[in-house]
Amino acid sequence: MIVRRGAIPRFEALKKKTRHLNVQVVWDRRDDDAPAEASTVAKNPRLKNRRGAPPFTWDVADFVVVVPPSKRKPRK
């Protein structure tokens, strides 16, 4: 679970409620929501903005649930 930076009550509540589960609760590490500058992307194509629309929980509840790639089901 990734919690929006600054949402301290939400972070603490999620940590407390998931302490017995195999879940990691972490802060959003992004500096801001702005995409990388064009000159930076041109130098390093891996920095291309891959973000889609965030799930509704990001706006409503200040967090998103992310499944690590190793735990995802393979696409058909």
*Could you give the distance from NZ (Lys15) to CD (Gln24), rounded to the nearest 0.5 Å?*
7.0 Å

*Taking only residues two or more places apart in sequence, or in another chain, which ones meet Pro54 in a side chain to side chain contact (heavy atoms under 4.5 Å, CB included)?*
Trp58

*asked:* Applying side chain to side chain contact (heavy atoms under 4.5 Å, CB included), can you list everything that pairs with Ala13, at least two apart in sequence or on another chain?
replied: none

_Other members of the hydrophobic cluster containing Val65, with the 4.5 Å side-chain heavy-atom rule, please._
Met1, Val3, Ile8, Phe11, Leu14, Leu21, Val23, Val25, Trp27, Phe63

*asked:* Under the salt bridge (charged side-chain N to carboxylate O under 4.0 Å, His left out) test against Asp62, which residue among Arg4, Arg5, Arg10 passes?
replied: Arg4

*Check which hydrophobic residues are tied to Val60 through side-chain heavy-atom contacts below 4.5 Å, counting indirect links as well, and list them.*
Phe56

